[in-house]
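Only a predicted model underlies this, so the values are computations on that prediction, with no experimental measurement involved.
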Amino acid sequence: MVSLVDVLTVLGGILALPYLYRFSAFVWLYFLRPSTVHHYLHGSAPYALVTGATDGIGKGTAAELFARGFNLVLHGRNEAKMLAVIAELRAQARRPDGEGDIRYFLADAAKPGHDFEKMIAPFKDLNITLVLHNVGGSNGVQPERLDERPEAYIHTLVHWNALFPLLLTRVLLPQLRRSATHGPVLVQFVGSLAGDVSPPRLPIYAASKRFLEGLVRGLDNDEQFFDKPTGVRFTYLAVGPVNSASMPQAPSLMTPTSEAFGKAVVNRTGCGRRRVAPYWFHAVSQVFVEALGQGTVDGFTAQEMKGLIDTYAKQQ
């Protein structure tokens, strides 16, 4: 006769299965899975295009991609800074081929009115197999509420975080589909965990990152399911705090350096997930955010924002 203990044991095992699967998937993704970024080194002279590449995550990821054999097309705003970054990448890289091509273009992503067709015309014949949209930011963390900010601030954040990567992707898509005829192509958008928790004083930034996540799903569905799959895929990168010039937090277990995070981005590239947190500790923090509930998370986030605002003010 089946006892109550037996029934509860079986029921407990069934309920535990999703958690066991999630834990095993976590261990595989962050500690066991070999990198598959080399799958994007196909065709003649493969290129990775990286926006916002002169600092932080963009620079760290570009350096890692260049070291692993990709040619680069870099985007920035300041030419002197761009040339310095290119010189640094060449000096640091230990490429097996001993060379590699690096090209660049300049544009202020926070401003409207760009001719995107003209912008990418010099690169229209390149075999671009990877795109990383890192451009964007919160323009610092300040204490003002939404109604205390000028309308131009809102336009700046929306163009910087959402419209520039969207419109650049639009003109790149035909070229990316051509590259996908001989191998996989991936477009990655750098998002933010702020899009999940919408911190106080950062509603526009958080909303613009949430927009990118919806964009990724729609574009990925377009390229996969509406007609014959094109081979172009899209991924949203859920990013927590990363040490950089725009994020003055000291490096720690939760806040990796830009270089360490760039390696994490490259190691997760091609993992098959439409949304992924490249850095393992950020993935852990996501689990806690889901478990704690909205009220607890919102209260904690408000306190963290007060500390960030104070830290940022001292850096100015």
Inset, instruction - Could you tell me which non-hydrogen atom of Trp160 sits nearest to which non-hydrogen atom of Pro165, and how far apart they are? - result: O-CD, 3.9 Å
Inset, instruction - Check whether any side-chain heavy atom of Leu132 sits under 4.5 Å from a side-chain heavy atom of Leu49, and report yes or no. - result: no
Legend entry - No-hydrogen, no-angle side-chain donor-acceptor test under 3.5 Å, His282 and Gln286: no
Legend entry - Evaluation steps, side chain to side chain contact (heavy atoms under 4.5 Å, CB included), between Leu176 and Val131: CA-CA 9 Å; Leu176 298 178; Val131 176; 4.0 Å; yes
Inset, instruction - Please name all residues satisfying side-chain hydrogen bond (donor to acceptor under 3.5 Å, both in side chains) with His182, sequence neighbours left out, ordered by chain then number. - result: His42
Legend entry - Asp220 side chain vs Phe234 backbone, donor-acceptor pair below 3.5 Å: yes
Inset, instruction - Compute whether any side-chain donor of one residue and acceptor of the other, for Tyr104 and Glu79, lie under 3.5 angstrom apart. - result: yes
Inset, instruction - Would you kindly say whether Asn127 and Ser179 are connected by a side-chain donor-acceptor distance under 3.5 Å? - result: yes
Legend entry - Qualifying residues under side-chain hydrogen bond (donor to acceptor under 3.5 Å, both in side chains), relative to Thr51, sequence neighbours excluded: none
Inset, instruction - Spell out, as yes or no, whether a donor-acceptor pair under 3.5 Å connects the side chain of Thr129 to the backbone of Tyr40. - result: yes
Legend entry - Validation row, ring centre His159 to ring centre Phe164 under 6.0 Å: no
Legend entry - same_hphob_cluster(Val158, Phe211) at 4.5 Å side-chain heavy-atom cutoff: yes
Legend entry - Leu32 reachable from Tyr21 in the ILVMFWY side-chain graph, under 4.5 Å edges: no
Inset, instruction - Taking all non-hydrogen atoms of both residues into account, name the closest pair between Pro199 and Ala194 and its distance. - result: CD-O, 3.5 Å
Legend entry - Heavy-atom side-chain proximity of Leu29 to Val276 below 4.5 angstrom: yes
Legend entry - ILVMFWY cluster, Val197 and Leu212 together (side-chain gap under 4.5 Å): no
Legend entry - Cluster link Val289 to Phe23, ILVMFWY, side chain under 4.5 Å: no
Inset, instruction - Check Ala238 against Leu193 and note the closest heavy-atom contact, atom names and distance. - result: CB-CD2, 3.8 Å
Inset, instruction - Before accepting this row, confirm whether a basic side-chain N of the pair Arg217/Asp222 lies closer than 4.0 Å to the acidic partner's carboxylate O. - result: no
Legend entry - Pairwise side-chain contact, Leu237 with Val265, heavy-atom cut-off 4.5 Å (strictly under): yes
Inset, instruction - Nearest 0.5 Å please: distance from the CD1 atom of Ile120 over to the CD atom of Glu117. - result: 6.0 Å
Inset, instruction - Taking Asn71 for its side chain and Pro46 for its backbone only, find out whether a donor-acceptor pair lies under 3.5 Å. - result: yes
Inset, instruction - Find the distance between CG (Leu72) and CZ (Arg90) and round it off to the nearest 0.5 Å. - result: 9.0 Å
Inset, instruction - Could you pull out the closest heavy-atom pair between Ala302 and Pro200, with the gap in Å? - result: CA-CG, 3.8 Å
Legend entry - Closest approach of Gln142 to Arg201 (non-hydrogen atoms, all atoms of both residues): O-CB, 3.7 Å
Inset, instruction - Establish, from distance only, whether the side-chain atoms of Arg274 and Asn221 form a donor-acceptor pair under 3.5 Å. - result: yes
Legend entry - Atom pair OG1 (Thr269) and CD (Gln188), whose distance is rounded to the nearest 0.5 Å: 4.0 Å
Inset, instruction - Spell out, as yes or no, whether a donor-acceptor pair under 3.5 Å connects the side chain of Glu290 to the backbone of Val287. - result: no
Inset, instruction - Answer whether the closest heavy-atom distance between the side chains of Lys81 and Asp55 falls below 4.5 Å. - result: yes
Inset, instruction - Look only at the side chain of Arg33 and the backbone of Asn267, and say whether a donor-acceptor pair between them is shorter than 3.5 Å. - result: yes
Legend entry - Min side-chain heavy-atom separation Val37-Leu65 under 4.5 Å: yes
Inset, instruction - Look at the rings of Phe116 and His114 and say which category their plane angle falls in: under 30° parallel, 30 to 60° tilted, over 60° perpendicular. - result: perpendicular
Legend entry - Atom pair CG (Leu74) and CZ (Phe66), whose distance is rounded to the nearest 0.5 Å: 9.5 Å
Legend entry - Gly76 versus Thr54, closest heavy-atom pair with distance: CA-CG2, 4.2 Å
Inset, instruction - Drop me the distance from Leu172's CG to Arg177's CZ, to the nearest 0.5 angstrom. - result: 11.0 Å
Legend entry - Side-chain donor-acceptor contact under 3.5 Å, Thr230 with Glu223: yes
Inset, instruction - Please confirm whether the backbone N or O of Arg273 pairs with a side-chain atom of Thr235, one donor and one acceptor, at under 3.5 Å? - result: yes
Legend entry - Test item: Lys209 side-chain N/O and Val190 main-chain N/O as donor-acceptor pair under 3.5 Å: yes
Legend entry - Pair Arg68-Ser35, side-chain donor/acceptor within less than 3.5 Å: yes
Inset, instruction - Answer yes if the ring centres of Phe105 and Phe123 are under 6.0 angstrom apart, and no otherwise. - result: yes
Legend entry - Residue Glu148 excluded, over 12 heavy atoms near CD under 6.0 Å: yes
Legend entry - Cation over ring face, Arg149 and Tyr153, 6.0 Å, 45°: yes
Legend entry - Any donor-acceptor pair under 3.5 Å from His75 side chain to Asn134 backbone: no
Inset, instruction - Quick one: pull up CG in Asn243 and CE in Met254 and give me the separation to the nearest 0.5 Å. - result: 14.0 Å
Legend entry - Verdict with supporting geometry, Gln92 and Glu88, side chain to side chain donor-acceptor pair (under 3.5 Å): CA-CA 6 Å; Gln92 291 179 349; Glu88 183 180 339; 3.3 Å; yes
Legend entry - Stepwise salt bridge (charged side-chain N to carboxylate O under 4.0 Å, His left out) test for Glu213 and Arg210: CA-CA 5 Å; Glu213 186 171 10; Arg210 198 70 171 182; 3.5 Å; yes
Legend entry - Expected output: side-chain Thr301 to main-chain Val297 donor-acceptor under 3.5 Å: yes
Legend entry - Check: Asn161 side chain, Ser208 main-chain N or O, donor-acceptor pair, under 3.5 Å: no
Inset, instruction - Evaluate the ring planes of Phe26 and Phe31, with Trp represented by its six-membered ring, and classify them as parallel (under 30°), tilted (30 to 60°) or perpendicular (over 60°). - result: perpendicular
Inset, instruction - Ignoring hydrogens and angles, state whether a donor on the side chain of Asn139 or Tyr205 is under 3.5 Å from an acceptor on the partner side chain. - result: no
Inset, instruction - Determine, step by step, whether Val185 and Arg233 satisfy the side chain to side chain contact (heavy atoms under 4.5 Å, CB included) criterion, reporting the C-alpha distance in whole Å, the side-chain angles of both residues, the deciding distance to 0.1 Å, and the verdict. - result: CA-CA 6 Å; Val185 170; Arg233 299 296 308 274; over 6 Å; no
Legend entry - Tyr47 vs Asp101, side chain to side chain donor-acceptor pair (under 3.5 Å): CA-CA, chis, key distance, verdict: CA-CA 9 Å; Tyr47 282 78; Asp101 184 33; 2.4 Å; yes
Legend entry - Hydrophobic cluster identity match, Met305 and Leu292, side-chain contacts under 4.5 Å: no
Inset, instruction - Hydrophobic side-chain clustering at under 4.5 Å (ILVMFWY, transitive links): who's grouped with Phe300? Put none if nobody. - result: none
Legend entry - Worked verdict on Leu253 versus Trp280 for side chain to side chain contact (heavy atoms under 4.5 Å, CB included): CA-CA 10 Å; Leu253 183 64; Trp280 71 272; 3.6 Å; yes
